[in-house]
Amino acid sequence: KEFLVEISGTTVTITCPSTDDSIVWESAGTKLTSNERKHVIENHDSSPANVSCSAGDTKYEMYLNARVCANCEELDALAVTGIITADLLITFGVLILVYYFSKDRKGRASTSAGGRPRGQKVQRPPPVPNPDYEPIRKGQREVYAGLEPRGF
């Protein structure tokens, strides 16, 4: 037979597996004689404890290691399932929106300044030379004769 343990906030309720009328509870060295099968521990501090209940010659022992908190909210399985399902639906909705908006952008021409035309690379002709920087030809040395190296 097993104990039934119920936790709500900082209250721990333990039900003894014995069905006798006179039950003696023992918790942390303290004995309590009661006619109830349930033992309620108010403001449990989450510290491990040995709890036992005995009725007649039969003694049931249990090691209680229950974590409790004052500000916890209890959620049932349906609420947890609903939260997870809603999260997945919202995530997939955002993924589908991002996919369709990015799909439409691929077909449009880019108007940005740094855009390059797609496709094959086009060979461009060399730039037109600037007449101020023409190379010296053999017959035109007199134009540059006045440019003497300067001494520092």
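Note that the coordinates shown come from a computational prediction; the quantities given were computed from them, not determined experimentally.
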Going hydrophobic residue to hydrophobic residue with side-chain gaps under 4.5 angstrom, can you get from Leu75 over to Leu88?
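Yes, because Leu75 and Leu88 connect within a single hydrophobic cluster, where side-chain heavy atoms sit under 4.5 Å apart.
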Hey, are the side chains of [X] and [Y] touching, using non-hydrogen atoms and a 4.5 Å cut-off?
X	Y	answer
Val5	Val12	yes
Ile41	Leu64	yes
Ile14	Lys38	no
Ile96	Tyr100	yes
Leu89	Thr91	no

Would you confirm whether Thr85, through its side chain, and Gly82, through its main-chain N or O, come within 3.5 Å as a donor-acceptor pair?
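Such a contact is absent between Thr85 side chain and Gly82 backbone.
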Do you know which two heavy atoms are closest between [X] and [Y], and how far apart they sit?
X	Y	result
Pro48	Asn65	CG-OD1, 3.8 Å
Gly9	Val68	O-CB, 3.3 Å
Ile23	Ser18	CD1-O, 4.2 Å

How would you list all residue pairs meeting side chain to side chain donor-acceptor pair (under 3.5 Å) that involve residues 50-64, not counting sequence neighbours?
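The answer is none; no pair qualifies.
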Enumerate the residue pairs fulfilling ring-ring contact (aromatic ring centres under 6.0 Å, His included) with a member in residues 2-50, sequence neighbours excluded, ordered by first and then second residue.
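Passing the test, one end in residues 2-50: Trp25-His39.
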Looking at CG of Leu95 and CD1 of Ile90, how far apart are the two atoms once the value is rounded to the nearest 0.5 Å?
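Going from the CG atom of Leu95 to the CD1 atom of Ile90 covers 12.0 Å.
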Rounded to the nearest 0.5 Å, what separates atom CZ in Arg37 from atom OG1 in Thr13?
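Arg37 atom CZ to Thr13 atom OG1 measures 13.5 Å (nearest 0.5 Å).
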